[in-house]
4 protein chains.
Amino acid sequence: MNTPLIEQPIKTKTDKRQAILDTALALFVSQGFHGTSTASIAKQAGVATGTLFHHFPSKEALMECLFLTIKQEFANALLLNAHQGSKLKHNVKQLWQSALDWSLENPIKQLFFQQYSMSPMIAKNVRDQAMNSILGFISELIKQGQMMGLIAHYPVELMLENCHGQYLAATRFFIDNPHLGHNSQYRNASFELFWKAMQAD
Amino acid sequence: MNTPLIEQPIKTKTDKRQAILDTALALFVSQGFHGTSTASIAKQAGVATGTLFHHFPSKEALMECLFLTIKQEFANALLLNAHQGSKLKHNVKQLWQSALDWSLENPIKQLFFQQYSMSPMIAKNVRDQAMNSILGFISELIKQGQMMGLIAHYPVELMLENCHGQYLAATRFFIDNPHLGHNSQYRNASFELFWKAMQAD
Amino acid sequence: MNTPLIEQPIKTKTDKRQAILDTALALFVSQGFHGTSTASIAKQAGVATGTLFHHFPSKEALMECLFLTIKQEFANALLLNAHQGSKLKHNVKQLWQSALDWSLENPIKQLFFQQYSMSPMIAKNVRDQAMNSILGFISELIKQGQMMGLIAHYPVELMLENCHGQYLAATRFFIDNPHLGHNSQYRNASFELFWKAMQAD
Amino acid sequence: MNTPLIEQPIKTKTDKRQAILDTALALFVSQGFHGTSTASIAKQAGVATGTLFHHFPSKEALMECLFLTIKQEFANALLLNAHQGSKLKHNVKQLWQSALDWSLENPIKQLFFQQYSMSPMIAKNVRDQAMNSILGFISELIKQGQMMGLIAHYPVELMLENCHGQYLAATRFFIDNPHLGHNSQYRNASFELFWKAMQAD
DNA sequence: CATGAATGAGCATTCATTCAT
DNA sequence: TATGAATGAATGCTCATTCAT
């Protein structure tokens with residue numbers, strides 16, 4: 001980036017759209033969806049109110065886009081680090097760590113999930129779609145583990161919901177206690193709790 | 001107004017207050033807090049708009065009252081059935097079953113928790129207070145179990161959060177799949193997942 | 001109504017509703033429906049913006065109410081002065097004069113009709129309903145005249161539309177030229193044009 | 001951009017201007033002036049939003065241009081078929097038929113007149129100008145007929161307004177009842193009503 | 001000439017809350 | 001206590017118009 005003679009804040013078109021998304025994320029998390037006016041998003045993003053509606057047909061659509069974008073980001077982070085080693089437990093632990101890492105590196109986005117993953121703010125079909133695309137992958141892992149005799153034989157849907165619940169609980173804990181986020185005792189404990197629930201006896 | 005010859009259904013003061021609470025519960029769950037206007041609560045409860053504000057100083061206060069009332073109801077249901085038998089696992093299972101039962105018998109109230117237990121709608125201190133009053137009791141159980149060597153020695157706060165997460169996951173599952181609510185295979189599975197996570201090796 | 005010690009401008013509930021209707025009439029005529037904001041109606045009527053929506057569910061509903069109210073007023077004025085004499089032409093002339101008089105006494109309301117009677121602003125069914133309730137009465141007169149051999153035998157619907165068209169033209173003329181409104185030469189001419197079209201040869 | 005080998009449908013400048021006018025006509029009639037956004041006109045005309053403003057300085061100017069263009073078209077159609085025969089009634093009938101024909105062949109444009117000829121949408125001077133240029137011609141016909149003793153001696157301005165009113169009524173009727181548009185009984189009736197009003201006794 | 005992203009004033013409507021009765 | 005008409009600030013969204021490319 002070379003220093004221009006005169007500092008000019010130039011925003012490309014993509015920048016504006018992204019600025020709106022970034023600002024919306026921050027405000028939705030800190031003030032809630034209804035507590036955040038479209039005017040305040042636009043203002044803080046440095047664009048006109050009309051611009052928001054040029055890029056997103058409605059406030060709800062903006063929220064939906066935000067949700068799907070972040071979910072995808074999370075899914076990418078998980079898959080990127082997923083090793084297909086021969087030891088299932090090791091693979092699962094890797095996954096768990098990646099998920100924890102992502103949430104610690106993106107605390108705002110994680111808070112966004114905590115608040116909106118189950119809220120009626122986001123249309124049920126969008127929620128389910130996003131969820132299934134990730135949990136579908138976990139679902140396969142569980143079935144595979146059961147066939148190998150490494151994972152307990154409980155109904156898969158129940159186990160999936162349980163995985164999700166334990167993951168949300170763990171991130172909630174680490175975000176409320178950020179100084180423990182890299183404490184291996186706590187991180188291992190969180191995984192062990194999870195794994196003990198899942199493993200075959 | 002003279003005394004009518006024919007008895008007319010008269011709502012006592014307490015009735016009106018309760019009608020407002022009941023209606024608010026139903027509407028907050030189905031339409032969300034912000035999606036529910038005080039006018040609609042009053043109308044559906046069969047009272048005037050002003051009446052709501054005679055009983056509750058504000059919409060937020062009404063929500064807070066609702067939240068605390070239901071939490072207390074839940075706590076009462078748990079404690080009522082809590083046996084202090086000698087076998088810890090049995091006691092815990094009893095507790096788990098009571099909690100599941102309550103959520104199945106009060107699905108609307110459970111949905112209310114799912115939606116609002118972690119939402120910024122309810123002031124953090126109120127949320128924490130309600131939570132600790134119940135989890136305080138669970139916390140004691142865990143410590144006791146650890147001392148007896150029956151429960152794994154992970155940090156208690158982490159375990160507490162995990163308990164809560166697993167409970168929310170289980171009720172979410174059973175409310176989404178009501179026909180499995182009394183299927184003992186699923187109910188036992190949900191407890192086993194939980195207990196395996198908690199138990200000492 | 002006794003004189004209060006201190007003159008207080010008190011508006012009863014009905015007053016406010018009526019003030020809104022009156023103001024809306026004046027503004028819709030002078031600035032058009034879309035050119036008139038609900039805020040300006042409320043302000044000029046001396047009420048809060050919310051009050052307008054307390055009495056009318058929407059701006060369109062306000063317009064519809066205005067339209068039907070004025071149409072009814074017009075119909076009442078016509079019927080009030082309708083004599084059932086034995087001479088048809090005399091009766092019809094009486095009617096024509098009453099209609100002209102009403103429009104001259106209520107120029108704003110007449111302008112309202114000129115602007116909105118055929119505009120898509122008012123739902124077609126509302127327009128037709130209002131129209132038929134008055135034209136139904138005219139329709140009977142025409143049929144009766146035809147049976148008596150006093151009115152030409154053209155299709156009734158066509159004659160009705162023609163009556164309406166001539167009436168609008170006449171009032172347009174007199175409102176554009178107010179000084180001729182009571183000039184009997186012009187008034188008689190307007191009636192003669194009309195009657196000659198209608199009469200049997 | 002190099003010359004393409006294959007001919008591609010290219011819109012010439014005039015095409016785009018005309019496309020905008022055509023689209024505006026259709027939309028103004030079906031949705032009203034205020035109900036039609038310039039963006040929607042541009043989109044449906046297949047041009048960019050900015051293009052509309054290259055051809056017309058404002059939405060109002062577009063409307064004015066549309067109005068004058070169509071009025072001229074109508075005037076041309078009338079004059080084209082106007083025979084200057086020796087029998088006045090025959091000439092007038094010819095004119096009436098031409099006018100009816102034009103309105104039946106151009107129903108959208110006729111609806112445009114019905115909606116906007118008297119609306120405050122179009123500046124009064126533009127309206128009057130367009131009107132007089134045509135009615136000036138009619139005005140001459142009336143005076144001529146009066147001098148020949150064929151047309152009744154009422155004030156000319158009143159008769160002009162009456163002509164216009166009857167014409168609007170007739171086209172309204174035929175557009176609402178398209179199947180009668182070529183029924184000679186109805187067409188003749190519409191003329192006879194008109195002519196009887198005008199003719200000298 | 002043509003484009004379409006950007007603008008920001010303006011609008012209809014909502015809603016928690018008040019208060020005279 | 002109970003009522004419900006009245007309030008007016010706040011909000012999501014629209015749209016004619018501009019301008020850099």
Side-chain angles (χ1 to χ4, degrees), chain A residues 10-17 20 34-43 46-62, chain B residues 1 11-14 16-17 34-43 46-62, chain C residues 10-17 20 34-43 46-62, chain D residues 11-17 34-43 46-62:
Chain A
I10 295 175
K11 268 184 180 160
T12 72
K13 32 204 104 172
T14 333
D15 271 346
K16 298 216 172 190
R17 200 188 128 97
I20 292 168
H34 287 286
T36 304
S37 68
T38 52
S40 72
I41 297 172
K43 190 172 189 179
V47 303
T49 64
T51 306
L52 189 154
F53 290 94
H54 183 70
H55 290 287
F56 307 94
S58 70
K59 195 185 180 186
E60 272 77 21
L62 165 59
Chain B
M1 224 169 283
K11 269 188 180 156
T12 71
K13 28 211 117 168
T14 338
K16 298 213 172 189
R17 200 188 127 96
H34 285 287
T36 304
S37 68
T38 53
S40 72
I41 296 172
K43 189 173 188 179
V47 304
T49 63
T51 307
L52 190 153
F53 289 90
H54 269 286
H55 292 287
F56 307 95
S58 71
K59 195 186 180 186
E60 271 75 21
L62 165 59
Chain C
I10 295 174
K11 269 188 179 156
T12 71
K13 33 203 103 171
T14 333
D15 273 345
K16 298 217 173 189
R17 200 189 127 98
I20 292 168
H34 287 288
T36 304
S37 69
T38 53
S40 73
I41 297 173
K43 190 173 191 178
V47 303
T49 65
T51 306
L52 191 154
F53 290 92
H54 184 69
H55 290 287
F56 306 95
S58 71
K59 196 186 179 186
E60 273 76 21
L62 167 59
Chain D
K11 269 189 180 153
T12 71
K13 26 211 120 166
T14 338
D15 270 347
K16 297 214 172 188
R17 200 188 128 95
H34 286 287
T36 304
S37 68
T38 53
S40 71
I41 297 173
K43 189 173 189 179
V47 304
T49 64
T51 306
L52 191 154
F53 289 90
H54 268 286
H55 292 287
F56 307 94
S58 72
K59 194 186 180 187
E60 272 75 21
L62 166 60

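Hydrogens, waters and symmetry mates play no part in the numbers below; they use all other heavy atoms, side chains included. Given the structure is predicted, the values throughout are model-derived calculations rather than measurements. Protein chains get the first letters and strands the later ones, always in sequence-line order, with residue 1 at the start of each.
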With B/His54, which residues qualify under ring pair (Phe, Tyr, Trp, His ring centres under 6.0 Å), at least two apart?
none

What nucleic acid atoms does D/Ser40 come within less than 4.0 Å of, heavy atoms only: base, sugar-phosphate, or nothing?
nothing

Using only side-chain N and O atoms of D/Thr49, determine if any of them is under 4.0 Å from OP1 or OP2 of E/dG4.
no

Are A/Thr51 and E/dT7 close enough that a side-chain N or O sits under 4.0 Å from OP1 or OP2?
yes

Measure the distance from CZ on A/Phe53 to P on E/dC11 and round it to the nearest whole Å.
17 Å

When you check the phosphate oxygens OP1 and OP2 of F/dT14, does a side-chain N or O of A/His54 lie under 4.0 Å from one of them?
no

Integer-rounded Å distance: F/dT3 P and B/Lys43 NZ
15 Å

Have a look at B/Ser37 and say if it touches a base, only the backbone sugar-phosphate, or nothing, with a 4.0 Å heavy-atom cut-off.
sugar-phosphate

According to a strict under-4.0 Å criterion, is B/His34 in side-chain N/O contact with OP1 or OP2 of E/dA16?
no

Minimal heavy-atom distance between C/Thr36 and C/Lys59, with the atoms involved, is O-NZ, 2.7 Å

In what stems does DNA chain E take part, counting only runs of at least 3 consecutive Watson-Crick or G-U pairs whose two distances fall under 3.5 Å?
E:2-21 with F:2-21

Taking OP1 and OP2 of E/dT3, is either one under 4.0 Å from a side-chain nitrogen or oxygen of D/Lys16?
yes

From the list E/dA6, E/dA12, E/dA2, which nucleotide is the closest neighbour of the side chain of A/His55?
E/dA6

